[in-house]
Engineer: 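The structure that follows is given in the form of structure tokens.
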Amino acid sequence: MSETPSAEQPLAGVQIVELSTMVTCSLAAMTLRSQGAQVIKVEPVRGGDPMRKLGSQKNGTSALFHNCNRGKRSLAINLKHEMGVEAVKRLAARADVVLNNYRPGVMTQLGLGSDVLRALNPRLINVAVTGFGTRGPLRDRPAYDHVIQGIAGITGLQGGDDEFAFVRMLMCDKVTAYTTAQAVTAALLARHSTGEGQHIDISMLHACLAFMWPDGMMHRTLHDDDAFQMPPISESYQTIQGSDGAVAASILLDHHWETVLTLVGREELRSDPRFATVVSRFMHLGEFSSVLKDGMRHLKVEEIMTAFEAADIPSAPCESRDTVTRNVQIETLGLLETYVTENLGRLTSPAPPIQFAGIDSSLAEPSPSLGEHSVEVMTELGFTESQVGELLESGKLATA
């Protein structure tokens, strides 16, 4: 990639050091990589990032790891060894951004606290991502995605508060990752104006609470007695099961409702006050849903979609994880990239979702093997051949 920023690669030339495990900082750094940045991932010598071993895998690298680490270089070194600490200091001294998602205080215990790194490089943007933040009774507790879903109220939203249910993906990890990537670009812009870097704290809890709030807590935002409370808009979302599949639809407007009544043969409900307006339908969502679902069970997806498209109802067929890659719209836009890497063979990953300058972009790059670039990076940092050899021999440095 070019070292010169351009419309297509706005972060070209930006140097990022990532000290992390699992998804949050890994995905944040890969997002920045897709926009032109160079990323060195610092991993433990033994096993590397634990994400490498989670789920489907080949040659010691999981698909999950690949999906969060494409295009990076891997330095596998023991941070409890003095030369490991020195290596990170040298990386930070020349870097633009350092990311870590260790628990509060861990970087300081390693001798790599924000004050130390920023003293070496005042232009450095040092980002610390934690689970529960840097204060409070949970600050030192371990945090995983489903734990944050629970405390942030997301499981209550999914279950309707009577029961609790998870979003069955690493939603909180990914929300925090994209929040982190946005914070980094904002800090880089601030540095362009001020000439100075800064320290940034981001917690998974805060990022996910903010993400959930606009719509998930819209009925818990206004507190005055004269506020008119309605269910959150998400409760109107409809997955309509037909005889041969399902359709996702948002049936809000009056003419949408009239189309549905005609489709299911319930025209008599047009005069029913429960369904007369958008507001009344929202206040009777249970009955509203029953009319939709009971009336369409015998219809084919094609029949439902034909009627919905004619009425301009926002809708699409529901794809399974086995069929989503064959969806015509996804194929036409080229949203997925299928390519071959030496370590993982043939694979499919999403292309970067932002079209800078209106041009499709690609991140069809391999993810690094553990320590694949260790010797190369250590040499670039000025360590001698004998020092590198000593680290390798003692097991404090690993190479692929």
Side-chain angles (χ1 to χ4, degrees), residues 55-56 63-64 67 146 149 154-155 157-160 162-171 174 215-216 231-272 274-278 280-338 346-351 353 360:
S56 302
L64 175 61
N67 286 336
H146 63 291
Q149 285 193 40
I154 294 169
T155 55
L157 174 64
Q158 298 304 304
D162 295 326
E163 298 179 357
F164 296 90
F166 293 115
V167 178
R168 296 180 60 157
M169 67 174 75
L170 300 178
M171 190 192 80
K174 292 183 286 187
D215 56 331
I233 194 170
S234 59
E235 293 192 18
S236 71
Y237 292 173
Q238 302 295 328
T239 302
I240 301 166
Q241 185 68 46
S243 63
D244 62 346
V247 171
S250 180
I251 300 165
L252 294 176
L253 304 181
D254 291 340
H255 76 272
H256 295 166
W257 178 237
E258 291 178 5
T259 295
V260 167
L261 292 179
T262 299
L263 184 62
V264 301
R266 297 294 305 275
E267 289 90 343
E268 79 278 4
L269 293 178
R270 287 177 178 165
S271 59
D272 190 317
R274 294 174 300 170
F275 309 124
T277 66
V278 173
S280 62
R281 289 193 290 276
F282 256 94
M283 300 306 291
H284 297 87
L285 283 175
E287 299 99 314
F288 173 75
S289 296
S290 293
V291 172
L292 289 178
K293 295 183 178 182
D294 292 345
M296 295 194 192
R297 295 185 191 279
H298 67 286
L299 298 176
K300 292 185 176 181
V301 167
E302 185 177 357
E303 294 178 85
I304 299 171
M305 286 301 304
T306 298
F308 283 7
E309 288 171 8
D312 202 29
I313 296 174
S315 56
C318 293
E319 300 284 6
S320 72
R321 286 172 288 183
D322 290 328
T323 65
V324 67
T325 58
R326 301 193 296 272
N327 180 276
V328 174
Q329 184 68 18
I330 291 171
E331 288 183 335
T332 300
L333 293 177
L335 305 187
L336 299 171
E337 300 182 299
T338 297
R346 188 171 181 269
L347 53 85
T348 298
S349 292
D360 291 342

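In this text the structure is predicted, and so the values were computed from the model without any measurement.
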Engineer: Look at atom NE2 of H146 and say whether more than 12 heavy atoms of other residues, nucleotides or ligands are closer to it than 6.0 Å.
Structural biologist: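 No, the 6.0 Å shell around NE2 holds no more than 12 heavy atoms from other groups.
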Engineer: Which heavy atom in H256 sits nearest to a heavy atom in P314, and how many Å separate them?
Structural biologist: CE1-CD, 3.8 Å
Engineer: Evaluate the side-chain proximity of V260 to F275: yes if any heavy-atom separation is below 4.5 Å, no if none is.
Structural biologist: no
Engineer: As an exercise, state the distance from CG of L335 to CG of D360, rounded to the nearest 0.5 Å.
Structural biologist: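 That separation rounds to 8.5 Å.
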Engineer: Minimum heavy-atom separation for P317 to V301, with atom names?
Structural biologist: CB-CG1, 4.3 Å
Engineer: Counting only heavy atoms from other residues, nucleotides and ligands, does the tally under 6.0 Å from CG of D312 exceed 12?
Structural biologist: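 Counting neighbours around CG of D312, 12 or fewer heavy atoms of other residues, nucleotides or ligands fall under 6.0 Å, so no.
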Engineer: Assess whether atom CD of E302 is packed by more than 12 heavy atoms of other residues, nucleotides or ligands within 6.0 Å.
Structural biologist: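 Atom CD in E302 is not crowded, with 12 or fewer foreign heavy atoms closer than 6.0 Å.
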Engineer: Could you state the interatomic distance from OG (S349) to CD (E337), rounded to the nearest 0.5 Å?
Structural biologist: 8.0 Å
Engineer: Roughly how far apart are Q149 CD and T155 OG1, rounded to 0.5 Å?
Structural biologist: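 Output value for this atom pair is 7.0 Å.
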Engineer: Tell me the salt bridge (Lys or Arg N to Asp or Glu O under 4.0 Å) pairs involving residues 237-266, sequence neighbours left out?
Structural biologist: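 Non-adjacent pairs meeting salt bridge (Lys or Arg N to Asp or Glu O under 4.0 Å): D254-R281, R266-E268.
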Engineer: Answer whether the closest heavy-atom distance between the side chains of I330 and L336 falls below 4.5 Å.
Structural biologist: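 In contact.
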Engineer: Would you say that S243 contacts H298 through its side chain, given a criterion of any heavy-atom pair below 4.5 Å between the two side chains?
Structural biologist: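 With C-beta onward as the side chain, the pair stays apart.
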Engineer: Evaluate side-chain contact (heavy atoms from CB on, under 4.5 Å) for V291 paired with L261, printing each intermediate quantity in order.
Structural biologist: CA-CA 8 Å; V291 172; L261 292 179; 4.2 Å; yes
Engineer: Can you see which heavy atom on T239 is nearest to which on A246, and at what distance?
Structural biologist: CG2-CB, 4.2 Å
Engineer: Using 0.5 Å steps for rounding, measure from the NZ atom of K293 to the CD1 atom of I240.
Structural biologist: 8.0 Å
Engineer: Roughly how far, to the nearest 0.5 Å, is CD of Q241 from CG of L292?
Structural biologist: 13.5 Å
Engineer: State, to 0.1 Å, how close T259 and A311 come at their nearest heavy-atom pair, and which atoms those are.
Structural biologist: OG1-CB, 3.3 Å
Engineer: Evaluate the side-chain proximity of I154 to F166: yes if any heavy-atom separation is below 4.5 Å, no if none is.
Structural biologist: no
Engineer: Heavy-atom distance under 4.5 Å between the side chains of R326 and E331, does that happen here?
Structural biologist: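 The answer is yes; the side chains approach within 4.5 Å.
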Engineer: When you compare the side chain of I251 with that of F288, does any pair of heavy atoms fall below 4.5 Å?
Structural biologist: yes
Engineer: Apply the test side-chain contact (heavy atoms from CB on, under 4.5 Å) to residues F282 and L252: give CA-CA distance (whole Å), side-chain angles for both, the deciding distance (0.1 Å), then the verdict.
Structural biologist: CA-CA 9 Å; F282 256 94; L252 294 176; 3.8 Å; yes
Engineer: If you define the side chain from C-beta out and look only at heavy atoms, does anything of L263 sit under 4.5 Å from L299?
Structural biologist: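 Side chain of L263 against side chain of L299, heavy atoms only: contact under 4.5 Å found.
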Engineer: Identify the heavy atoms of S315 and M305 that sit nearest to each other, and give their distance.
Structural biologist: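 Where S315 meets M305 most closely, the heavy atoms are OG-CE, 3.7 Å.
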Engineer: Can you tell me how far apart CD1 (I304) and CE (M296) are? Round to the nearest 0.5 Å.
Structural biologist: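 It is 6.0 Å, given to the nearest 0.5 Å.
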Engineer: Tell me, yes or no, whether the heavy-atom count around E267 atom CD, taken from other residues, nucleotides or ligands under 6.0 Å, exceeds 12.
Structural biologist: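 More than 12 within 6.0 Å, yes.
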Engineer: Can you find a pair of side-chain heavy atoms, one from I313 and one from S250, that are under 4.5 Å apart?
Structural biologist: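 They are not in contact (no side-chain heavy atoms under 4.5 Å apart), so the answer is no.
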